[in-house]
**Q** 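My structure is below; once you've seen it, I'll send some questions.
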Amino acid sequence: MSKPSLARGTRDFGPEQMVRRNFIFDTIRRSFQRYGFLPLETPAFENLSVLMGKYGEEGDQLLFKILNSGDFKSKTNEQDWLGPYKPLTQKISEKGLRYDLTVPFARYVVMNRGTLVMPFKRYQIQPVWRADRPQRGRYREFYQCDADVVGTDSLLCEAEIVGLLHAILPELGIQDFTVKINNRKVLTGIATMIGASGQEGPLCVAIDKLDKIGKEKVKEELLQKGFHQDSLTLLEPIFELAHSQNPFADLKSWLSSSEVAMQGIAELEEVWKLVNIAGIPNPKIQFDVTLARGLSYYTGAIFEVKANGVQIGSISGGGRYDNLTGTFGVPGISGVGISLGVDRIYDVMEELGLFPDSAQATTQLMLTNFDRQAFEYGVGLLAKLRNAGINTEIYPDSVKLKKQLDYADRKQIPYVVLIGSEEIQSGLLTLKHMQTGDQQKLDIAGIIAALAH
RNA sequence: GAGGUUGUAGCUCAGUUGGUUAGAGCGCUAGAUUGUGGUUCUAGAGGUCGCGGGUUCGAGACCCGUCUUCCUCCCCA
């Protein structure tokens, strides 16, 4: 009785949207394969033990948890229901919807490490779910397109990611974008340097907002989070780096005492070098110390891609994680990957008017029919036309011609064939071009020839 | 998770300080046109006013709750 509705933050994709989305998926998939990545799919939901603790506290909260089926209540006692919700959640929910594709991938690698060809390169295009508040460009169900390499420390992988992005985005029509790159090791070094070792989490979150809220607000936030005034003084050089001509050199002199930071800088320089050798013309990469990213598992390079000229969050993000498989008991497998957000890319393309109009019509030719006899005659022609490579359909009811033509018009079908008793007798069918209204009498071979080119 | 905002026909929206039978445009259906769509004309169908309570003689309008929309935080694709 009640009106149907969509769950919050979810959407249907109609035929028109799907044609466009498939264009994006196909483009991304083609490039992934061209770079040697193999396809993988994992289940929509995982055991919570796999998911929990991988995305930080915030992430755990944003996980969609699945209520145990059956009598979940029987395994709890009265005290569970009186106490806080988190311990109770653990007792009544053991599974959750995946939050990203990287963690399930790490799980897969660990479970199949004996059989995988290392380094293992996989791509994965599937929806993920997050229980946060929907906004523009933010949904509770959305698709990610991931490409990851595990089992090698080579910084070529980082450079290849830059290459991938420079292959995919322009092919979608997105010419003006920036690949922001940073390295977690640099951030770790900075944290140690200012005497806030181990505090890079909150430090990153605050620094990340520099270009949004400005230097003073960042300092304010850090003080609130318990950083000492001395730390802030030591942190001062970071604010100059944003405008630096040669940021790597400045970083090196500032952080010379930190071994970790120096390694991070060396990695960054190597990535820049490899990108140049790889010959990507005019690479749109930018070093950004303030780039932090909240996902807690990153340990090396960090990426984020912004489409310029639109008010939509980042369309892609990624980085290197040294110990993601370690949390599943198999340390020492380093990985690096990138994730493209199809839904945001769609929004960007729509805002920039990058979708071609034509992509929509799939039917090229429709047969009309005036009566039962014409209907049967038309049905008999379908295979011939389709075998000739023409996307063909016949109107399924012998209703008024007006209605049939109206249908063809609305579906933007370019050609219609009129079949009546006259046509059946002569074998000459009327081919009508919907846009111009031109009609000509042709036999079936003539129609196929007319539509062939 | 915090704060704000929105919801009336399939769509976009009117609806006065609470007052009788809730409107328009577009779209839809049928006809004008028994073998010709996109233009025009005519007629028609379509609404538990998001949902649930409350105030009132009377609620689309006021109050409370809830869901949803969009926005700012938080965080992210």
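Just the heavy atoms: all of them, side chains too, but no hydrogens, waters or symmetry mates, feed the values below. The structure presented is a predicted model; accordingly, all values stated were derived computationally and were not measured. Below, chains carry the letters A, B, ... as their sequence lines are ordered, and counting in each starts from 1.
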**Q** Using the C1' atoms only, state how far B:rG50 lies from B:rU5, rounded to an integer number of Å.
**A** 15 Å
**Q** Looking for any heavy atom pair under 4.0 Å, which part of the strands does A:Tyr143 touch: base, sugar-phosphate only, or nothing?
**A** nothing
**Q** Mind calculating the distance between CD1 (A:Ile28) and C1' (B:rA77) to the nearest angstrom?
**A**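 Going from CD1 in A:Ile28 over to C1' in B:rA77 covers 11 Å.
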**Q** State which residues pass side chain to side chain donor-acceptor pair (under 3.5 Å) with A:Arg344; sequence neighbours excluded, sorted by chain then number.
**A**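 For A:Arg344, no residue satisfies side chain to side chain donor-acceptor pair (under 3.5 Å) once neighbours in sequence are set aside.
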**Q** State the dot-bracket string of RNA chain B. Criteria: Watson-Crick or G-U wobble, both atom distances under 3.5 angstrom; notation: ( ) intrastrand, [ ] crossing earlier pairs, | interstrand, . unpaired.
**A** ((((..(..((((.....[...)))).(((((.......))))).....(((((..]....))))))..))))....
**Q** Using the ring-ring contact (aromatic ring centres under 6.0 Å, His included) criterion, which residues pair with A:Tyr407? Sequence neighbours excluded.
**A** A:Tyr395
**Q** Where the side chain of A:Glu58 is concerned, which of B:rC74, B:rG35, B:rA77 is the nearest nucleotide?
**A**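 Output: B:rC74.
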**Q** Please identify each residue that fulfils side chain to side chain donor-acceptor pair (under 3.5 Å) with A:Ser154, with sequence neighbours left out.
**A** none
**Q** Could you verify whether a donor N or O on one side chain and an acceptor N or O on the other, from A:Thr290 and A:Asp288, lie under 3.5 Å apart?
**A** yes
**Q** Counting only side-chain heavy atoms from C-beta out, which of B:rG35, B:rC76, B:rG3 sits nearest to A:Arg133?
**A** B:rG3
**Q** Can you find a donor-acceptor pair, distance only, under 3.5 Å between A:Arg136 side chain and B:rC71 base?
**A**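 For A:Arg136, whose side chain was compared with the base of B:rC71, there is no donor-acceptor pair (under 3.5 Å).
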**Q** Sequence neighbours left out, what passes side chain to side chain donor-acceptor pair (under 3.5 Å) with A:Glu158? Give chain and number order.
**A** A:Arg320
**Q** Taking NZ, NE, NH1 and NH2 as the nitrogens, is one of them in A:Glu422 or A:Lys441 under 4.0 Å from a carboxylate oxygen of the other?
**A**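 Yes, charged N to carboxylate O under 4.0 Å.
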**Q** Indicate yes or no: does A:Glu220 engage A:Lys215 in a salt bridge with an N to O separation below 4.0 Å.
**A**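 Between A:Lys215 and A:Glu220 there is no salt bridge, as every charged N stays at least 4.0 Å from the carboxylate O atoms.
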**Q** Would you say the base of B:rA77 stacks on A:Phe142 (centre-to-centre below 5.5 Å, plane angle below 30°)?
**A**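 Base of B:rA77: stacked against A:Phe142.
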**Q** Using the P atom as the point on both nucleotides, what is the distance between B:rG60 and B:rC76, in whole Å?
**A** 46 Å
**Q** Check this for me: does the side-chain of A:Asp409 come within 3.5 Å of the base of B:rG37 through a donor and an acceptor?
**A**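 Such a pair is found, so the answer is yes.
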**Q** What residues form a salt bridge (Lys or Arg N to Asp or Glu O under 4.0 Å) with A:Arg133, not counting sequence neighbours?
**A**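 A:Arg133: no salt bridge (Lys or Arg N to Asp or Glu O under 4.0 Å) contacts found.
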**Q** Suppose you measure atom C1' in B:rG53 against the same atom in B:rC67; what distance do you get, rounded to whole Å?
**A** 15 Å
**Q** Give me the distance, rounded to whole Å, that separates B:rG65 from B:rG27 when you measure between the P atoms they each carry.
**A** 42 Å
**Q** Nearest whole Å is fine: how far is B:rG38 P from A:Gln412 CD?
**A**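 Atom-to-atom, A:Gln412 to B:rG38, this comes out as 15 Å.
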**Q** Using side chain to side chain donor-acceptor pair (under 3.5 Å) as the criterion, list what pairs up with A:Gln33, not counting sequence neighbours.
**A**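 For A:Gln33 the side chain to side chain donor-acceptor pair (under 3.5 Å) partners, ignoring immediate neighbours, are A:Tyr123.
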**Q** Expressed in whole Å, how much space separates the P atoms belonging to B:rC28 and B:rG37?
**A**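 Here B:rC28 and B:rG37 have their P atoms 15 Å from each other.
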**Q** Salt-bridged, A:Asp100 to A:Arg130, with N to O below 4.0 Å?
**A** no
**Q** Closer to the 5' end of RNA chain B via nearest nucleotide, is it A:Gln61 or A:Val305?
**A**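 The answer here is A:Gln61.
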**Q** Please report the distance separating the C1' of B:rG7 from the corresponding atom of B:rA77, rounded so that it comes out in whole Å.
**A**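 Between the two C1' atoms, the distance is 29 Å.
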**Q** Taking ring-ring contact (aromatic ring centres under 6.0 Å, His included) as the definition, give me every residue that meets it alongside A:Tyr415, ordered by chain and number, with sequence neighbours left out.
**A**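 Counting only residues at least two positions away or on another chain, A:Tyr415 forms a ring-ring contact (aromatic ring centres under 6.0 Å, His included) with A:His433.
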**Q** Nearest whole Å is fine: how far is B:rU33 C1' from A:Phe370 CZ?
**A**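 After rounding, the gap between these two atoms is 14 Å.
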**Q** Could you say whether A:Met434 or A:Gln135 is positioned toward the 5' end of RNA chain B, judged by the nucleotide with the nearest heavy atom to each?
**A**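 The answer here is A:Met434.
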**Q** Taking the same atom, C1', in B:rA22 and in B:rC13, what whole-Å distance lies between them?
**A** 14 Å
**Q** Starting at atom NZ of A:Lys54, determine the distance to atom P of B:rC76, rounded to an integer number of angstrom.
**A**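 Nearest whole value for this atom pair: 17 Å.
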**Q** Would you mind classifying the nucleic acid contact of A:Lys209 as base, sugar-phosphate or nothing, using non-hydrogen atoms under 4.0 angstrom?
**A** sugar-phosphate
**Q** Residues in salt bridge (Lys or Arg N to Asp or Glu O under 4.0 Å) with A:Lys225, at least two apart?
**A** A:Glu221
**Q** In whole Å, I'd like the distance from the OH atom of A:Tyr298 to the C1' atom of B:rC75.
**A** 14 Å
**Q** Could you give the distance separating B:rC41 and B:rG47 at their C1' atoms, to the nearest angstrom?
**A**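 Straight-line distance between the two C1' atoms is 28 Å.
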**Q** In whole Å, I'd like the distance from the CG atom of A:Leu101 to the P atom of B:rC76.
**A**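 Rounding to the nearest Å, CG of A:Leu101 and P of B:rC76 are 17 Å apart.
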**Q** Going through the distances and angles, do A:Thr102 and A:Asp148 end up as a side chain to side chain donor-acceptor pair (under 3.5 Å)?
**A** CA-CA 8 Å; A:Thr102 310; A:Asp148 287 75; 4.6 Å; no
**Q** Where along residues 397-405 of chain A does a heavy atom come under 4.0 Å from RNA chain B, residue by residue in number order?
**A** A:Lys400, A:Leu401, A:Lys402, A:Lys403, A:Leu405
**Q** Just to verify, what does A:Phe45 make a ring-ring contact (aromatic ring centres under 6.0 Å, His included) with, not counting sequence neighbours?
**A**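 ring-ring contact (aromatic ring centres under 6.0 Å, His included) check on A:Phe45 returns nothing, list empty.
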**Q** Considering only side-chain heavy atoms of A:Glu423, which listed nucleotide, B:rG1, B:rG35, B:rA77, is closest?
**A** B:rG35
**Q** Using a 4.0 Å heavy-atom cut-off, does A:Asp406 contact any base of the nucleic acid, only the sugar-phosphate backbone, or nothing at all?
**A**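 Sugar-phosphate, backbone atoms only, no base.
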**Q** Closest to the A:Thr430 side chain: B:rG37, B:rG35, B:rA77?
**A**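 Out of B:rG37, B:rG35, B:rA77, the nucleotide with an atom closest to A:Thr430's side chain is B:rG35.
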**Q** Report which part of the nucleic acid A:Gly59 touches: base, sugar-phosphate, or nothing (heavy-atom distance under 4.0 Å, all strands).
**A**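 Since no nucleic acid heavy atom lies under 4.0 Å of A:Gly59, the category is nothing.
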**Q** Once you round it to whole Å, what is the distance between C1' of B:rG1 and CZ of A:Phe64?
**A** 14 Å
**Q** Output the rounded distance in Å from NZ (A:Lys65) to P (B:rG1).
**A**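 Nearest whole value for this atom pair: 10 Å.
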**Q** Distances under 3.5 Å between protein N/O atoms and the N/O atoms of nucleotides 66-69 of chain B, please, pair by pair.
**A**
unit_1	atom_1	unit_2	atom_2	d
B:rU69	OP1	A:Gly9	N	3.4
B:rU69	OP2	A:Arg8	NE	3.3

**Q** Side-chain N or O of A:Arg410 versus OP1/OP2 of B:rC28: is the shortest distance under 4.0 Å?
**A**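 For A:Arg410, the contact criterion (side-chain N or O under 4.0 Å from OP1 or OP2 of B:rC28) is met.
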